[in-house]
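Following: one structure in C-alpha cells, then a few remarks.
Each ligand, and each atom within it, is numbered from 1 in the order the structure gives.
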Amino acid sequence: MKRVFSGIQPTGSLHLGNYLGALKRFVAMQDDHECIYCIVDLHALTMPHDPAGLAGATREAAAGFLASGLDPERCVVFNQSRCPMHTRLGWMLACLTPLGWLNRMTQFKEKAGKKRDGASLGLYGYPVLQAADILGYRATHVPVGEDQKQHLELSRDIAGAFNRRFGVDFFPLPEPVIAGEATRVMSLRDGARKMSKSDESDYARINLTDDRDTIARKVRKARTDSEPGVTWDPEARPEASNLVAIYAALADTTRQAVVDEYASARFSDFKARLAELAVEKLGPVGEEMKRLAADPAYVDGVLADGARRAHAIAGPIQAEAEEIVGLLAP
Ligand code: AQP
C-alpha cells in the first residue's frame with residue numbers, strides 16, 4: 001500500500017485554496033492509501049506568531065480536517081510538535097543539505113521579502129523540516145497545491161542525498177500529487193496573487209469557517225473583468241478563469257465542461273450559480289467546524305491518538321536512520 005503524508009500550517013483560517021489544493025485530495029486518498037495528515041505547528045513558528053493563539057489555531061485546523069471529511073479511524077491526524085521524529089530527523093537532513101539548494105527556494109524569498117538578513121534560520125530551513133516530515137514516515141505520495149512543487153523536488157533531492165551518502169536505499173523518493181482543476185487557487189481580489197491565509201483582505205479568500213451568507217457575498221463581490229461571457233483564459237482573464245477553475249473543482253468536473261455549460265450565459269449569472277455551489281459545498285464544512293469548536297475534548301482526543309500512532313510509525317524509522325548515520329550502534 002502506498003503511504004501518503006501531507007500537512008497544513010495552523011497560521012490562520014483554512015481557506016478554499018487549502019481545501020481544493022490539499023484537503024479535498026487528502027479525503028479522496030484515505031480510502032485506498034495509508035494516510036498520515038499533520039497540522040505542522042513547528043512550521044508555524046517560522047513566521048512571527050501569537051503564542052496565545054497557536055494551540056487554538058492547531059485545534060481549529062484539526063476541526064477543518066475532520067469537517068472536510070477526514071476519518072480519524074482511517075487516517076492519522078496529529079500535530080507535528082507532538083512527534084519527536086520531525087526535529088531529530090530534520091537536523092540529520094539539514095547536515096546533508098547544501099546551502100545552494102536552499103538558496104533556490106522561492107517561498108523563502110517571498111516570505112523573507114527585502115529583509116533577508118533578518119529572516120530566521122527556521123524560515124530558511126523550512127523545506128528541510130518539510131523533507132523530514134515526509135521522509136520520516138517513508139511516505140511515497142504527497143498531495144499538495146502547486147505552490148509546494150519546488151519544496152517537494154527538494155525533498156526528493158534530500159532523500160537521494162541521504163541514500164547516496166550512506167550507500168543505502170532507505171528513503172523512497174516521494175511523489176508529489178498535484179491534481180484536480182484548481183491546484184493554485186488565486187485571490188478573489190487579485191488574479192495574480194495566490195489565495196492565502198496571510199492576505200490582509202478577508203475578501204481575498206473564502207475561509208472554511210465563513211457562514212453561508214458570507215460565502216455567497218464573497219463570491220458575488222469577487223473581482224472580474226468587463227468581458228461578458230464565461231471563458232478559460234488565465235493570461236487575459238485571470239480573475240474570471242480563477243472562478244471557472246473553482247467551479248470545476250467544487251463540482252468535480254473539468255474547466256472545459258464548465259465553459260461549455262455556460263457558453264451562452266452572462267458572467268453575472270455564472271457567478272450567481274457559483275455562489276450557490278460554493279454555499280452548497282462549503283456551508284456544511286463551516287457548520288461542522290462550528291460544532292467541533294464546541295467539543296474541544298473530542299478534537300484534542302483525535303490529535304492525541306494521532307500523535308501516538310504517528311510516533312509508532314516514525315519511531316522505528318528514526319531509529320534505523322540513526323543507525324545508518326552512526327548515532328546508534330546497530
Ligand atoms: N491558493 C492555494 N491554492 C491551492 N493550494 C493551496 N495551498 C495553500 N494555498 C493554496 C495548499 O495548502 C496546503 C497547505 O498550505 P499551508 O497552509 O501549509 O501553507 P501555504 O501554502 O503557505 O498557505 P497560505 O494560505 O499561503 O498560508 P500563509 O499565508 O500562512 O503563507 C499546501 O499543500 C498548499 O500547497
Side-chain angles (χ1 to χ4, degrees), residues 4-29 35-50 53-54 57-58 60-62 64-65 68 70 77 79-80 86 105-113 119 122-123 126-127 129-130 133-134 139 141-155 174-202 204-209 218 222 234 238-239 241-243 245-246 248-250 282:
V4 171
F5 177 93
S6 196
I8 296 187
Q9 297 186 77
T11 42
S13 234
L14 296 186
H15 53 73
L16 180 63
N18 298 134
Y19 181 76
L20 295 178
L23 283 166
K24 208 167 178 288
R25 300 258 78 72
F26 294 3
V27 173
M29 295 180 97
C35 294
I36 303 163
Y37 295 126
C38 186
I39 294 128
V40 288
D41 50 3
L42 293 170
H43 285 281
L45 303 184
T46 61
M47 294 294 278
H49 77 286
D50 171 15
L54 182 55
T58 296
E60 184 184 300
F65 280 31
S68 298
L70 289 183
V77 175
N79 54 316
Q80 189 187 25
H86 296 257
M105 296 297 113
T106 54
Q107 184 171 296
F108 173 75
K109 292 176 193 162
E110 280 160 22
K111 293 208 169 182
L123 185 65
Y126 182 117
L129 182 60
Q130 186 172 348
D133 300 340
I134 298 163
H141 290 78
V142 187
V144 282
E146 212 172 276
D147 59 325
Q148 290 300 322
K149 196 167 173 211
Q150 192 184 37
H151 284 173
L152 258 291
E153 277 160 14
L154 185 76
S155 291
E175 290 286 339
V177 180
I178 301 174
E181 294 294 292
T183 55
R184 187 175 174 80
V185 178
M186 308 309 282
S187 155
L188 299 182
R189 308 305 303 160
D190 177 355
R193 287 163 63 121
K194 188 181 84 129
M195 184 178 284
S196 154
K197 301 188 204 87
S198 49
D199 198 312
E200 59 283 357
S201 165
D202 195 52
R205 63 181 163 265
I206 296 176
N207 302 305
L208 295 190
T209 46
K218 285 181 175 177
E239 284 88 9
S241 301
N242 187 37
L243 297 186
I246 291 171
L250 285 174
L282 301 175

Could you tell me which atoms of ligand 1, counted from 1 in the order shown, lie closer than 4.0 angstrom to a heavy atom of [X]?
X: Thr11; answer: 30 (O)
X: Ser198; answer: 28 (P), 29 (O)
X: Val144; answer: 33 (O)
X: Ala22; answer: 12 (O), 13 (C), 33 (O)
X: Gly21; answer: 4 (C), 5 (N)

Considering only non-hydrogen protein atoms, determine which one is nearest to [atom] and report residue, atom name and distance to 0.1 Å.
atom: atom 33 (O) of ligand 1; answer: Gly145 N, 3.2 Å
atom: atom 5 (N) of ligand 1; answer: Gly17 O, 3.1 Å
atom: atom 1 (N) of ligand 1; answer: Val185 O, 2.8 Å
atom: atom 20 (P) of ligand 1; answer: Lys194 NZ, 3.6 Å
atom: atom 32 (C) of ligand 1; answer: Gln148 CG, 3.9 Å
atom: atom 25 (O) of ligand 1; answer: His15 NE2, 2.7 Å

Report yes or no: does Lys111 have a heavy atom closer than 4.0 Å to ligand 1?
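It does, in that a heavy atom of Lys111 comes within the 4.0 Å cut-off of ligand 1.
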Can you find a non-hydrogen atom of Thr183 under 4.0 Å from ligand 1?
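Yes.
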With a 3.5 Å distance limit and no angle check, can you tell me whether [X] reaches the backbone of [Y] through a side-chain donor-acceptor pair?
X: Lys218; Y: Arg205; answer: yes
X: Thr58; Y: Leu54; answer: yes
X: Ser6; Y: Pro143; answer: yes

For [atom], which of the options [options] provides the nearest non-hydrogen atom?
atom: atom 17 (O) of ligand 1; options: Lys197, Gln9, Arg205; value: Lys197
atom: atom 21 (O) of ligand 1; options: Asn242, Val40, Asp147, Ile8; value: Asp147
atom: atom 8 (C) of ligand 1; options: Leu16, Asn18, Asp199; value: Asn18

Does a donor on one side chain sit under 3.5 Å from an acceptor on the other, for Gln130 and Ser155?
no
Decide whether His15 and Asn207 meet the rule of one side-chain donor and one side-chain acceptor closer than 3.5 Å.
no
Steps toward salt bridge (Lys or Arg N to Asp or Glu O under 4.0 Å) verdict (Arg184, Asp147)
CA-CA 7 Å; Arg184 187 175 174 80; Asp147 59 325; 5.5 Å; no
Give the ring-plane orientation class for Phe65 versus Phe26, where under 30° counts as parallel, over 60° as perpendicular and anything between as tilted.
perpendicular
Closest heavy-atom pair, Pro10 versus Ala44, reported as atoms and distance to 0.1 Å, is CD-CB, 3.9 Å
Taking both backbone and side-chain atoms of Glu146, is any N or O found less than 3.5 Å from an N or O belonging to ligand 1?
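No - when backbone and side-chain N and O of Glu146 are compared with those of ligand 1, no distance drops under 3.5 Å.
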Around Lys149, counting heavy atoms of other residues, nucleotides and ligands shown, do more than 12 lie under 6.0 Å from its NZ?
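Not buried by this count: 12 neighbours or fewer within 6.0 Å.
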Could you tell me the separation between the CE atom of Met186 and the OG atom of Ser241, rounded to the nearest 0.5 Å?
11.0 Å
Tell me whether the centres of the aromatic rings in Phe5 and His141 are closer together than 6.0 Å.
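No - the distance between ring centres of Phe5 and His141 does not fall below the 6.0 Å cut-off.
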